[in-house]
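One-based numbering, in listed order, for ligands and for the atoms of each. For the single chain, residues carry numbers from 1 onward in sequence order. Here the structure is a predicted model, which is why all the values come from computation and not from measurement. All values below were derived from every heavy atom in this structure, side-chain atoms included, with hydrogens, water molecules and symmetry-related copies excluded.
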Amino acid sequence: MQICVIGAGYVGLVTATCFAEMGNQVVCVERDPQRVARLAQGEVPIYEPGLESMLRAQLASGQLSFSAQLKSGIRRAEIIFIAVGTPSGEDGSADLSHVLAVADELGERLERSCLVVDKSTVPVGTAERVAQRINAGLARRDVRGRVTVASNPEFLKEGSAVDDFMRPDRVIVGCDDERGRELLRRLYAPFLRNHDRLLCMGVRAAEFSKYAANAFLATKISFINEMAGICARLGVDIEEVRRGIGSDRRIGTHFIYAGCGYGGSCFPKDVKALIRTAEHEGIEPGILRAVEARNALQKTLLFQALREHFNGHLHGRVVALWGLAFKPGTDDLREAPSLVLLEALLNAGAKVQACDPAANAGVAARHGQAIESGQLVLSESPYAVCQGADALVLVTEWKQFRQPDFARIRGAMRMPVVFDGRNIYDADQLVELGFLYRGIGRPAVGSCKASAA
Ligand code: NAD
């Protein structure tokens with residue numbers, strides 16, 4: 001099939017590459033010409049495991065190409081996917097300016113009718129607005145035929161995006177037109193060979209499903225974080241409780257890990273947007289507000305714990321920070337809990353030595369001044385950042401942080417204290433090695449003496 005994907009971000013790039021991998025002819029249109037130039041050379045501007053090699057192979061085979069010109073991208077397209085950003089607007093609702101700008105441009109440039117698909121996360125009713133705008137443009141130019149706009153929300157997870165796209169749990173297709181549904185069914189058939197999990201529904205239901213899914217997952221996280229807060233007061237270990245409740249299949253083991261809060265480009269903005277939608281409809285979104293509030297609080301807990309540990313005196317303290325990206329496997333820093341902690345530590349006068357396998361560059365771009373002054377040091381080595389540290393804080397649980405050589409770390413640190421923001425470490429083992437251990441919703445264990453070194 002001839003496909004055009006508009007937007008070469010996390011979703012657009014993965015979508016375009018994976019469709020090309022299945023033998024489709026794909027043009028990915030991106031408004032940023034520098035990004036297009038890099039992509040045309042096979043240089044992927046984001047960190048996403050497995051994407052670059054697949055993208056290069058498809059570029060070489062000629063199945064995939066990039067363009068900054070919408071007109072050439074859509075010339076032969078049977079299906080056009082819109083995969084541009086929908087960030088939070090000032091009032092928290094989804095900012096649709098990018099999506100609607102694409103709709104206007106399609107109205108000005110399309111020469112014939114075709115199927116347009118919203119892959120961006122958009123509020124209910126957006127497909128109708130996009131269709132109206134495109135069709136008004138076609139009518140103005142006396143182009144024959146009208147476009148149908150379908151909704152096909154994306155559920156990939158950064159860090160495992162290629163795999164998620166190639167082997168989706170389900171594909172949701174919201175399309176009120178039989179021909180459009182059939183086209184999308186054909187397009188997705190190779191991705192669903194093992195299990196046909198293509199769910200067809202109305203456009204508005206598809207649009208809403210994406211928000212409901214993200215809101216539910218965010219709710220699970222905030223719920224377990226609230227439980228962790230109660231556990232901490234009661235001297236109960238949330239990790240034992242997690243195992244206890246996760247074995248109940250009605251609850252399940254996913255998304256019930258206590259931690260220092262969720263971030264990323266989706267949960268925070270989608271929960272916010274759903275709150276605004278509910279308000280607009282006169283519904284009080286009490287649960288969603290609580291989810292948001294708990295998450296905001298959760299992002300401050302590590303700093304509070306550090307401040308308490310140092311009796312309010314963080315000035316001059318050296319803090320080693322492991323993990324900056326909002327989650328492992330990505331360089332995405334949007335709404336990352338690490339940024340809240342980093343900001344607070346820098347404001348309190350602490351020196352921060354941070355390490356992330358993919359997101360150092362993004363942090364360097366935001367905190368150039370702190371780097372220049374020496375207050376912030378970024379390194380690729382988890383061990384180097386522990387040198388002379390008064391505390392080690394784990395924020396993002398990259399694989400390389402899961403089983404480090406703690407004896408070596410103990411020797412490098414000035415004070416052997418670990419704040420485990422994701423509850424991934426064995427507290428007993430750390431205590432045995434002479435560390436003070438503090439997790440989220442877990443009793444503090446061990447004591448710490450200054451290192452002899
Ligand atoms: P992104 O910000 O990484 O990428 C968007 C890209 O679109 C940018 O490169 C931008 O330059 C480009 N763009 C904007 N306007 C354009 C235009 N008129 N023409 C061509 N290109 C244009 O965004 P993303 O993370 O890929 O998210 C895209 C959408 O998918 C959002 O609605 C998001 O909520 C949703 N989504 C994201 C994820 C995720 O994990 N990132 C997962 C599922 C759904």
- Message: Regarding D177 and R179, does a basic nitrogen lie under 4.0 Å from an acidic carboxylate oxygen?
- Response: no

- Task: Determine, using ring centers only, whether F255 and Y262 are less than 6.0 Å apart.
- Result: no

- R56/E52 salt bridge by N-O under 4.0 Å criterion: yes

- Message: For a quick test of reading the model, state the closest non-hydrogen atom pair linking P190 to L187 and the distance between them.
- Response: CD-O, 3.3 Å

- Query: If you count only heavy atoms, which residues are under 4.0 Å from ligand 1?
  - Reply: I6, G7, A8, G9, Y10, V11, V29, E30, R31, R35, A83, V84, G85, T86, V102, S120, T121, E154, L156, E158, K210, S265, C266, K269, R334

- Query: Centre of F155's six-membered ring, under 6.0 Å away, within 45 degrees of the axis: is that where NZ or CZ of R170 sits?
  - Reply: yes

- Task: If the plane angle is over 60° it's perpendicular, under 30° parallel, otherwise tilted; pick one for W322 and F401.
- Result: parallel

